[in-house]
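Atoms within a ligand are numbered from 1 in the order they appear, just like the ligands themselves. If you read the sequence from its start, that first residue is 1, and numbering goes on from there.
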Amino acid sequence: MKRHYPCLMFIFFISIIFCSCNQRKQQIPSRPNIVFIMSDDHAYQAISAYGYGLNHTPYLDSLAAEGMLFKHAFVNNSLCAPSRAAILTGKYSNMNGIKGNGDEVFDGSQETFPKLLHQAGYQTAMIGKWHLVSYPTGFDYWNILPGQGDYYNPDFIHNGDTTPVQGYVTNLIIDDAIRWLNQRDSTKPFCVLIWNKAPHRDWLPEIKYLHEFDSVEIPVPATLFDDYATRTRAAHEQKMEISKWLAPNYDLKEEMFPTKTHRYDDLWRNVFGRLAPEEQQEFLHAYKPENDAFRKANLKGKKLTLWKYQRYMKDYLRTIQSVDDNVGRIMNYLKAHHLDKNTIVIYSSDQGFYLGEHGWFDKRFMYKESFRTPLIIRWPEVVRPGQVNTDPVMNLDIAETLLDAAGVKIPNDMQGVSMLPILEGKKHEDRRKFVYYHYYESGGEHNVAKHIGIRSDRYKLIYFYENKQWELYDMKKDSNELNNVYGNPAYKIVQDSLTSELWKQMKTFRDSI
Ligand code: SGN
Ligand code: CA
């Protein structure tokens with residue numbers, strides 16, 4: 001027996017090594033595929049899994065039920081192009097060069113996560129709204145909407161050629177994604193960005209959803225009639241109140257062919273003109289009974305605002321029904337092709353949106369509805385189903401998370417934090433405690449003043465630096481951010497420490513004002 005002892009020990013160690021290798025193999029899946037669906041201006045309040053009771057989005061809710069829903073996902077700069085550039089590069093606006101919409105051209109030679117995945121052997125595709133002026137780089141295939149794109153019979157740009165395509169934009173984007181998935185090389189992992197136009201202004205529903213919500217009263221937010229009493233100039237001077245700034249034709253479809261001229265007339269003629277004549281008739285018919293009643297009622301004051309709120313919200317939510325249907329289509333595709341287990345499916349938006357909170361539509365401010373963005377991640381190989389996460393994560397983290405998940409080295413100059421430990425359910429104490437924000441546009445269509453700010457788990461400090469005015473919110477006591485306590489002696493210590501943290505963060509991210 002003694003003679004065999006070394007031999008038995010050898011077999012014992014070999015089997016331990018073998019077993020642990022096998023276990024490791026089971027724990028770390030092969031490189032995951034990535035389906036990244038992003039919508040444009042989709043408020044988290046308009047996904048039923050977030051619990052606001054405005055609409056019903058069964059497919060998005062399933063994603064959340066089968067994965068992780070993030071309640072505190074924030075953006076760097078609540079505007080389309082700056083958020084997209086941050087998502088692609090993992091960097092703040094000052095580092096990736098896109099601070100506003102349209103003024104700057106995205107430098108496609110910089111490092112982006114699709115490019116790095118591509119170099120690591122992924123097949124990559126980008127389909128839908130891009131909005132970064134220069135053409136996409138780092139993709140095997142791209143097919144994008146010009147600028148903001150159109151809802152009805154939109155143009156698509158592929159390899160520099162613009163072609164009109166018949167159909168409704170949200171369906172067409174998924175059609176094309178499925179077409180691309182069908183012809184891909186199935187020996188390689190893939191990453192496809194499916195970036196919707198919906199539910200961006202001017203909220204044009206798919207014809208089949210024109211009557212959705214007809215007999216429903218959409219709940220009104222508590223702050224619809226906010227008077228900005230404690231706020232600084234910026235909140236008073238914005239141009240995004242539902243009561244004042246929605247165009248009667250373009251936005252509200254209340255007066256399709258106005259007699260007075262309005263600054264949105266040309267825009268309206270263009271979008272309506274894209275419908276086929278029979279669709280135009282259907283469209284006009286759908287709104288007519290309500291419009292007739294509206295004219296008769298001759299509403300004024302708060303009643304008029306409430307009417308506009310209902311009209312705005314119903315069209316906004318109608319466009320989201322098509323988004324949700326198409327999330328269902330892509331999930332059914334993945335399931336039917338046995339791709340649903342080791343595919344990371346991300347659903348998010350380029351930023352949040354005001355659905356009547358503070359009386360507003362649009363975004364831009366660092367107040368919660370537009371600073372936050374929806375984020376849901378489903379990845380059955382790694383993420384336990386049905387989790388709700390409240391860590392402060394950012395759009396900036398997506399690049400690092402996906403590179404991390406794919407086993408690709410994260411460049412040192414990316415400024416986000418990988419969410420992989422969160423997804424894996426591991427301890428992650430070294431994550432950010434503050435979220436830094438910078439909105440750079442000045443004046444413009446919605447006249448929101450430039451600002452920087454910082455959010456801790458309880459407080460939010462905002463500095464409107466053009467106006468040299470500060471705001472501070474105690475979100476624990478004032479979750480709707482109505483009571484600016486800046487300058488209140490009771491908050492002196494908090495105010496001072498957050499102010500110095502703000503300057504510190506600005507320096508860390510190499511930003512300036
Ligand atoms: C358009 C909209 C604005 C919106 C910006 C930015 N006006 O200019 O209401 O704030 O886009 O949106 S519209 O008359 O053209 O509809 S973003 O999502 O692209 O940043
Ligand atoms: Ca947007």
Got a donor-acceptor contact below 3.5 angstrom from the [X] side chain to the [Y] backbone?
X: S349; Y: G352; answer: no
X: T401; Y: S418; answer: no
X: E111; Y: T89; answer: no

(request) Please determine if D214 and K314 form a salt bridge, counting it only when a charged side-chain N lies under 4.0 Å from a carboxylate O. (result)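 Here D214 does not pair with K314 in a salt bridge, since their nearest N and O are not under 4.0 Å apart.
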Tell me, please: is [X] in heavy-atom contact with ligand 1, that is, under 4.0 Å?
X: K129; value: yes
X: M240; value: no
X: F361; value: no

(request) Compute whether any side-chain donor of one residue and acceptor of the other, for Y287 and D315, lie under 3.5 angstrom apart. (result)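 There is such a pair (donor and acceptor under 3.5 Å, judged by atom type) between the side chains of Y287 and D315.
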(message) Checking side-chain polar atoms at under 3.5 Å, does Y168 have a donor or acceptor matched by the opposite partner on N326?
(response)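 On atom types as modelled, these side chains do not qualify, holding no pair under 3.5 Å.
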(message) Counting backbone and side-chain atoms alike, is an N, O or S atom of Q351 positioned under 3.0 Å from the Ca ion (ligand 2)?
(response)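 Given the 3.0 Å cut-off, Q351 counts as a ligand of the Ca ion (ligand 2).
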(message) Test of understanding: given a 4.0 Å heavy-atom threshold, classify the contact between D40 and ligand 1 as side chain, backbone, both, or neither.
(response)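 The answer is the side chain of D40.
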(message) One residue to check: K197. Relative to ligand 1, which of side chain, backbone, both or neither has a non-hydrogen atom less than 4.0 Å away?
(response)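 For K197, there is no contact with ligand 1 at all, from either part.
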(request) Looking at D41, pick out the N, O or S atom nearest to the Ca ion (ligand 2) and give its name. (result)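 D41's closest N, O or S atom to the Ca ion (ligand 2) is named OD1.
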(message) Considering non-hydrogen atoms of the protein only, which is the closest contact for atom 7 (N) of ligand 1, and what is the distance?
(response)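 Here the closest protein heavy atom is E445 OE2, 2.9 Å.
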(request) Using a strict 4.0 Å cut-off to heavy atoms of R364, name the atoms of ligand 1 that fall inside it. (result)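 Once the distances to R364 are compared, the set is 4 (C), 5 (C), 6 (C), 10 (O).
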(request) Mind telling me whether Y437 and F371 have parallel, tilted or perpendicular rings, with 30° and 60° as the class edges? (result)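 Ring orientation, 0 to 90° scale: perpendicular.
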(request) Have a look at the Ca ion (ligand 2) and estimate, to 10 degrees, the angle subtended by OD1 (D350) and OD1 (D40). (result)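 Once rounded, the angle between the two atoms at the Ca ion (ligand 2) is 80°.
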